[in-house]
Amino acid sequence: MNVLVLNCGSSSLKFQIIQTDLQIIEKNADKQLAKGLIERIGSQALVTLQATGKSPVKHAAPLRDHKAALDHIIKWIISEEAQIPGIQSLHDIHAIGHRVVHGAERFTNSTLIDDSVIRGIEDCIDLAPLHNPANLKGITASREVFGAGIPQAVVFDTSFHSTMPETSFLYAIPYQLYRRHKIRRYGFHGTSHRYVAYRYRQLTGKSREETNIITVHLGNGCSACAIKSGASFDTSMGLSPLEGLVMGTRCGDIDPAVLEFLSHKEGMSMNEIDTLLNKQSGLLGISGLTNDMRDLLAEAREHQDRRATLAINMFTQRVKKYIGSYLAEMNGADAIVFTGGIGENSVIVRQRICANLEWLGIEIDEQLNSEKVGGHEGEINKKDARMKVFVIPTNEELLIARDTVRCVLSAPQPK
Ligand code: ADP
């Protein structure tokens with residue numbers, strides 16, 4: 001089955017075409033056929049398209065909305081220029097999988113799209129006012145473009161965390177607020193945490209029940225997840241993706257009293273405070289320079305920039321703090337798994353997070369750590385260390401394609 005995976009942001013659209021089916025999943029032999037990204041939808045959009053094994057093609061195009069962006073992609077997919085093996089016409093796309101950020105308590109699994117599912121995603125807009133409307137734009141556009149003939153599925157960032165116990169997901173505020181408004185921790189990056197846990201099982205031969213690990217996704221957004229007996233037991237993001245680790249532009253954990261203090265001292269509205277905490281904080285806010293870890297590391301190294309160094313130190317200390325607290329609440333774990341752009345590529349960030357944790361059995365092998373970059377997967381711990389440390393590149397699109405196949409064929413969705 002050729003699955004088109006769509007991931008829509010408010011002004012962007014990422015896609016991949018992945019060839020997969022139940023037998024292919026079993027053999028782990030899925031094939032990515034093409035991928036691409038359209039940014040700045042709404043004005044002169046920037047388009048990057050790449051058939052697997054060929055060079056990327058980049059150009060600008062006036063694309064006024066997500067439907068225009070999707071039309072543009074489809075024209076390319078079936079064009080002579082793209083020459084994607086096995087794809088000559090739209091009929092060669094057999095299913096579509098969409099990423100949706102928030103599924104609240106309603107969507108604990110991936111599901112085929114119908115009108116009631118769309119209404120359900122709309123009902124979650126209150127909880128994800130930035131993300132769900134953008135995801136819905138993509139769904140609406142692709143239903144218009146492909147019609148009813150092609151099955152479409154949705155995969156939620158929150159679903160994997162639906163196994164968290166009340167003690168992990170409730171906030172200690174009056175319980176009736178949970179009852180009335182469903183205010184609770186939902187957690188995000190679920191597709192990524194679930195994918196790397198699956199890869200961990202494949203690499204180690206462990207069963208789901210034997211999977212007791214801490215997965216740490218460090219990208220622009222960052223989150224940690226305590227996985228106990230194969231299921232999400234706790235995670236650092238909360239009602240929204242703002243809580244938890246220090247991120248590119250998000251503050252992560254903060255005393256809620258700061259909000260009232262800010263509004264009083266700076267005369268800021270709730271909207272302005274929300275923007276400050278989501279878009280101007282984290283690595284960017286502390287360094288005053290950038291949200292990009294690679295650039296920050298270069299600043300710290302080449303110019304000994306004090307605030308760049310401080311931002312990196314705060315980032316790594318926060319991850320350490322979460323690892324420690326998850327180890328305590330899970331009664332220990334067998335492995336730490338790093339993923340996401342920073343987790344997969346930054347030798348120094350991994351080394352700093354794991355430093356001085358020998359007493360916990362965490363000991364990094366310098367050579368192995370330096371080799372696991374640019375998509376390389378495997379262990380980075382010393383041979384006789386008590387706890388394993390892995391680098392496992394995430395692949396959310398692959399999991400979305402696989403779940404889409406499972407939804408279409410009504411097959412079980414292993415968590
Ligand atoms: P997103 O969360 O948007 O998907 P990514 O997972 O691609 O983002 O992660 C982006 C982050 O990864 C950026 O901060 C970038 O600087 C960082 N990154 C990528 N490569 C490296 C590297 N070699 N060293 C340090 N950080 C890196």
Side-chain angles (χ1 to χ4, degrees), residues 5-16 35-40 46 48 99 101 130-131 134-135 155 157 187-196 199 215-225 235-237 240-242 244-252 278-302 305 308-309 311-316 318-319 337-354 364 369-377 380 391-400:
V5 176
L6 295 177
N7 179 357
C8 291
S10 56
S11 64
S12 69
L13 195 168
K14 275 193 218 163
F15 77 93
Q16 283 195 19
K35 66 175 180 180
L37 165 67
I38 302 196
E39 296 164 285
R40 296 202 205 151
L46 300 174
T48 310
R99 172 190 180 212
V101 168
L130 294 179
H131 296 102
N135 304 151
V155 178
D157 278 16
F188 299 86
H189 286 151
T191 320
S192 177
H193 292 296
R194 182 178 148 206
Y195 176 77
V196 298
R199 280 301 299 159
T215 50
V216 187
H217 178 113
L218 306 176
N220 264 318
C222 301
S223 69
C225 183
T235 192
S236 58
M237 284 176 165
S240 83
L242 184 56
L245 303 178
V246 174
M247 313 183 207
T249 60
R250 297 189 193 118
C251 60
N278 273 291
K279 304 245 166 86
Q280 296 155 6
S281 299
L283 295 175
L284 171 66
I286 294 296
S287 70
L289 291 172
T290 173
N291 62 318
D292 191 289
M293 180 57 92
R294 214 173 345 190
D295 294 347
L296 270 188
L297 288 164
E299 276 301 321
R301 191 175 56 238
E302 287 157 27
D305 186 278
T309 308
I312 298 162
N313 290 346
M314 286 175 66
F315 181 94
T316 54
R318 185 81 57 91
V319 177
V337 179
F338 286 105
T339 193
I342 302 171
E344 291 166 26
N345 293 299
S346 180
V347 173
I348 186 142
V349 168
R350 294 192 301 241
Q351 187 242 314
R352 295 233 189 130
I353 291 168
C354 296
I364 295 285
N369 188 26
S370 67
E371 287 166 6
K372 299 294 180 295
V373 290
H376 286 282
E377 179 181 72
I380 58 169
V391 175
I392 301 184
T394 195
N395 196 339
E396 294 161 278
E397 288 78 10
L398 178 61
L399 199 44
I400 294 173

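Note that ligands are numbered from 1 as they come in the structure, with each ligand's atoms numbered from 1 the same way. Small disclaimer: the values here were computed from a predicted structure and weren't measured.
When the salt bridge (Lys or Arg N to Asp or Glu O under 4.0 Å) test is applied to Arg99, the partners found at least two apart in sequence or on another chain are Asp157. Looking at residues two or more places apart in sequence or on another chain, you find a side chain to side chain contact (heavy atoms under 4.5 Å, CB included) between Arg40 and Ser43, Leu46. For Phe188, the ring-ring contact (aromatic ring centres under 6.0 Å, His included) partners at least two apart in sequence or on another chain are His102.
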N/O contact list for ligand 1, threshold under 3.5 Å:
residue: ligand 1; atom: 2 (O); partner: Asn220; partner atom: N; Å: 2.9
residue: ligand 1; atom: 3 (O); partner: Asn220; partner atom: ND2; Å: 3.2
residue: ligand 1; atom: 6 (O); partner: Gly341; partner atom: N; Å: 2.9
residue: ligand 1; atom: 8 (O); partner: Asn220; partner atom: N; Å: 3.4
residue: ligand 1; atom: 12 (O); partner: Ile342; partner atom: N; Å: 3.3
residue: ligand 1; atom: 14 (O); partner: Met293; partner atom: N; Å: 3.0
residue: ligand 1; atom: 16 (O); partner: Asp292; partner atom: OD1; Å: 2.6
residue: ligand 1; atom: 16 (O); partner: Asp292; partner atom: OD2; Å: 3.4
residue: ligand 1; atom: 16 (O); partner: Met293; partner atom: N; Å: 3.2
residue: ligand 1; atom: 16 (O); partner: Arg294; partner atom: N; Å: 3.0

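For the atom pair OG1 of Thr215 and CZ of Arg194, the computed distance is 13.0 Å after rounding to the nearest 0.5 Å.
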Exercise. Verify side-chain hydrogen bond (donor to acceptor under 3.5 Å, both in side chains) between His189 and Thr235, making sure each step is shown before the conclusion.
Key: CA-CA 10 Å; His189 286 151; Thr235 192; over 6 Å; no
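Across Ser192 and Thr394, no two heavy atoms sit closer than the pair OG-OG1, 2.8 Å.
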